Amino acid sequence: MKTNVFNQIVSIPKTFLDNGIRSTMPWELRKRILRLNLFLLFAMAVAFTSLVFSYVNQLFVSSMVHLFAVFLVTMGFFLNKDGKLAASKIVGILTINLHLLVISHLEGLRSGTYMLIFPLLFTLVFVIDIRKSYWQITLTGILTLANTIFIFLITPYENALQKIPKELYSSLFNTNLCISLTLTAIFAFIILKTMDNHEMKILEEKNLSETIYDTSLDAVFIVHASSGMVTGCNSRALEVFGYDDKTPIINKPAAELLGENVSEHIGLFNAHAEEERLAWDGNMELIKQSDIPFHAYVNIVPFHHEQQLYCKISILDITDIKVAEFETIRAKEKAEKATLVKSRFLSMMSHELRTPLNGIIGTTNLLLQDEILESQKPYMDVLKHSSEHMLNLVNEILDFSKLEAGKMILENNQFNLRHFLQKAAQPFKNSGNGRVRLIFDIDESLDKEIVSDELRLNQVLNNLLSNACKFTEDGQIVIRAKHESSDGQNLRVTFSVSDTGIGIAPQYIRQIFESFTQADAETTRKFGGTGLGLAISRHIVEKMGGELMVKSILGEGSEFHFTINLRISKNRRALLQPEKENVLIALTGLRILIAEDNPVNLIVVRRFMQKWGIRTDEAANGLELLELYHRNEQYDLLLIDLEMPEMDGAQAVAEIRKTNTYIPIIAFTAAVYDNIQADLMQKGFNDFIPKPFKPEVLHRKIRQLTAYSAIERVKYV
Ligand code: ADP
């Protein structure tokens with residue numbers, strides 16, 4: 001309770017002292033306001049004590065004057081509170097001077113009121129920062145002195161305006177003396193205490209700055225700009241440059257210690273000392289005392305001290321970072337080189353593997369179309385399935401190497417989305433020995449022409465469907481395409497493939513999207529696979545702007561889904577409807593010149609063409625091709641292998657295009673690379689067929705190009 005009352009009493013002057021001070025203000029301003037508050041508080045104390053004393057002694061006119069002084073000082077407080085610091089100061093100084101003048105005149109010199117001038121003068125000196133405002137302190141001093149002289153000149157010895165009993169004078173004198181001495185003592189104490197606190201604060205701040213300065217990671221030097229001499233440095237500077245103490249550093253030319261480069265920057269700051277110049281920073285090589293060079297990040301900041309320009313130079317030793325950077329770049333280059341070598345190797349291998357595969361698959365297809373013994377059919381099926389599977393693996397590895405090298409570029413083809421999905425699901429219709437039902441759930445509204453990379457989208461769906469078939473023994477597989485939204489230009493579609501297969505354990509869900517990763521070792525043993533399909537699919541979907549996701553419950557099934565935007569084609573529906581599988585119409589009457597150096601491939605292609613009623617001539621290299629071509633220019637189409645001895649396909653085509661810009665030419669190639677379409681077009685080809693080829697694709701392209709050339713012969717550029 002006691003403490004409470006005491007706290008409240010103590011809190012009154014504190015409230016006055018904090019008047020107008022906000023925590024967001026700079027320290028200097030807060031100090032100035034505090035001083036002014038102290039001065040106003042003092043004036044208030046004088047006026048209020050005098051008011052009480054006058055009232056008790058029935059000096060009512062004096063009381064009124066004191067009351068008016070209290071009012072004016074309160075006004076000073078309010079002005080200060082509103083941030084009007086200068087106005088508040090003027091009101092305060094004028095009030096005390098006027099107050100003394102009026103009250104002295106009213107009570108006479110005998111009452112000793114003038115004595116209050118001394119503590120007032122004392123505090124005034126305190127209010128005004130002597131170090132900063134000489135003119136203010138001089139002005140205030142002159143004003144107070146003039147006022148004092150004025151008081152002594154005009155004030156009568158005894159009062160004339162107010163009736164004061166004679167015996168009261170001595171008590172008035174004593175009281176004023178007491179007030180003057182007491183207040184002087186109190187304020188002397190406060191001023192000393194404040195000064196002391198201030199000193200302490202400065203000392204603490206100095207210690208703090210020095211600690212920060214010395215414990216900084218930067219080596220810091222202070223250089224006098226015009227002389228270029230080092231005037232100070234921190235402990236880290238000694239450490240970095242290998243000195244034991246500051247003696248050899250201080251007063252040494254910065255150029256000698258920090259090099260010409262730093263010195264030049266200091267010189268520039270000095271030359272433009274009058275301008276507002278920003279700091280400079282950058283990397284440079286500096287040399288230690290032991291002549292060892294090191295990489296440094298240097299920051300030079302100019303500043304003024306005692307009207308002289310100095311530069312603070314902070315130096316951070318970044319040798320380790322530079323070495324690490326260098327190592328990282330080297331490691332990156334090495335890794336890139338290794339990836340390049342790997343990609344080249346994979347691409348070469350895949351090319352080498354594709355050529356014999358072309359022969360195997362082509363021959364198998366031919367055999368399957370011929371009359372074969374019923375007993376041979378299962379073996380032929382195994383041969384077909386295995387060779388196609390191998391081709392798949394080769395393609396996956398090639399795709400993966402492309403993705404790794406960041407070389408997979410999406411192409412834009414126009415196709416009908418619904419037809420495309422039907423075609424994508426077709427090969428999986430009869431999977432699962434009749435125990436798995438394939439359900440096709442495609443929104444009607446997706447019967448639209450769109451522009452996207454048909455091949456890659458098919459690759460993703462094909463991978464998801466073949467996984468679903470592989471991991472589902474019975475039940476159903478659903479391929480679903482849901483129309484999410486459309487803005488007239490784009491379709492937003494969610495594709496999903498769900499199955500009722502073995503499912504995936506939660507701990508494997510994340511890792512199945514990594515390359516060469518399968519759910520567990522058991523899967524590899526039982527189902528085979530490379531673990532690349534999902535990794536490739538995920539990347540393709542990401543390139544298309546979606547995210548491949550999976551929901552799965554172990555033992556119940558899985559659902560893979562992704563949502564992408566597909567551009568709606570502005571062109572009318574593609575003229576050619578998707579071809580009916582296996583119904584390859586005869587192309588009787590066409591005459592085609594084939595150039596192919598691999599005898600197996602040649603046999604396969606020739607055999608198919610003959611089946612379709614096409615007449616063929618054959619060349620084993622570019623030179624033979626040109627010879628045959630010039631002998632008989634009546635060919636409807638040329639099918640030319642790119643890689644041939646003597647003269648390769650591209651060279652031969654260049655020759656032909658010199659005289660014939662109309663004849664359709666298809667490139668036949670095992671090397672599939674990025675932008676192949678554009679590259680081959682530029683070389684004069686009209687289209688290409690990757691090896692191993694699908695008979696129906698070869699058939700379609702021949703049909704398209706020959707029909708095209710018959711109707712409308714477009715000049716090739
Ligand atoms: P691969 O099938 O060649 O092994 P993928 O990347 O396509 O490689 O698949 C990685 C792994 O993800 C598979 O080995 C299998 O463990 C799991 N997985 C993929 N699809 C399914 C599915 N529909 N049901 C169960 N597991 C699946």
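As the structure lists them, so they are numbered: ligands from 1, and atoms in each ligand from 1. Given the structure is predicted, the values throughout are model-derived calculations rather than measurements. The first residue of the sequence shown is numbered 1, and numbering continues consecutively from there.
- Set against the non-hydrogen atoms of Leu532, the atoms of ligand 1 under 4.0 Å away are 6 (O), 8 (O).
- Few gaps surround NZ on Lys611; more than 12 heavy atoms of other groups in view lie less than 6.0 Å from it.
- Here is the list of ligand 1 atoms found below 4.0 Å of a heavy atom in Ile504: 25 (C), 26 (N), 27 (C).
- Salt bridge absent: Asp447 and Arg418 never bring a charged side-chain N and a carboxylate O closer than 4.0 Å.
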- Applying salt bridge (Lys or Arg N to Asp or Glu O under 4.0 Å), run through Arg700 and Glu696 and close with a yes or a no. CA-CA 6 Å; Arg700 173 164 47 91; Glu696 59 273 18; over 6 Å; no
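- Aromatic rings of Tyr629 and Tyr635 (six-membered ring for Trp) have centroids beyond the 6.0 Å cut-off, not under it.
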Can you give me every donor-acceptor pair (side chain of residues 316-330, partner residue at least two apart or in another chain, under 3.5 Å) with its distance?
unit_1: Asp317; atom_1: OD1; unit_2: Thr319; atom_2: N; d: 3.0
unit_1: Asp317; atom_1: OD1; unit_2: Thr319; atom_2: OG1; d: 2.6
unit_1: Thr319; atom_1: OG1; unit_2: His295; atom_2: N; d: 3.2
unit_1: Thr328; atom_1: OG1; unit_2: Ala324; atom_2: O; d: 2.5

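- Residue pairs meeting the side-chain hydrogen bond (donor to acceptor under 3.5 Å, both in side chains) criterion with at least one partner in residues 539-552, sequence neighbours excluded, are Ser552-Ser558.
- Heavy-atom contacts of Lys470 reach the following atoms of ligand 1: 1 (P), 2 (O), 3 (O) (cutoff under 4.0 Å).
- By heavy-atom distance, the residue among Asn467, Ile477, Leu464 lying nearest atom 7 (O) of ligand 1 is Asn467.
- Here Leu534 has heavy atoms under 4.0 Å from ligand 1 in both its backbone and its side chain.
- The atoms of ligand 1 that sit less than 4.0 Å from any heavy atom of Ser558 are 22 (C), 24 (N), 25 (C).
- None of Thr669, Leu593, Val653, Ile594 except one satisfies the side-chain contact (heavy atoms from CB on, under 4.5 Å) rule with Ile640; the exception is Val653.
- Residue-level proximity to ligand 1 for Asn463 is carried by the side chain, the only part with a heavy atom below 4.0 angstrom.
- Ligand 1 has at least one atom lying under 4.0 Å from a heavy atom of Phe560.
- In this structure, Gly503 has a heavy atom closer than 4.0 Å to ligand 1.
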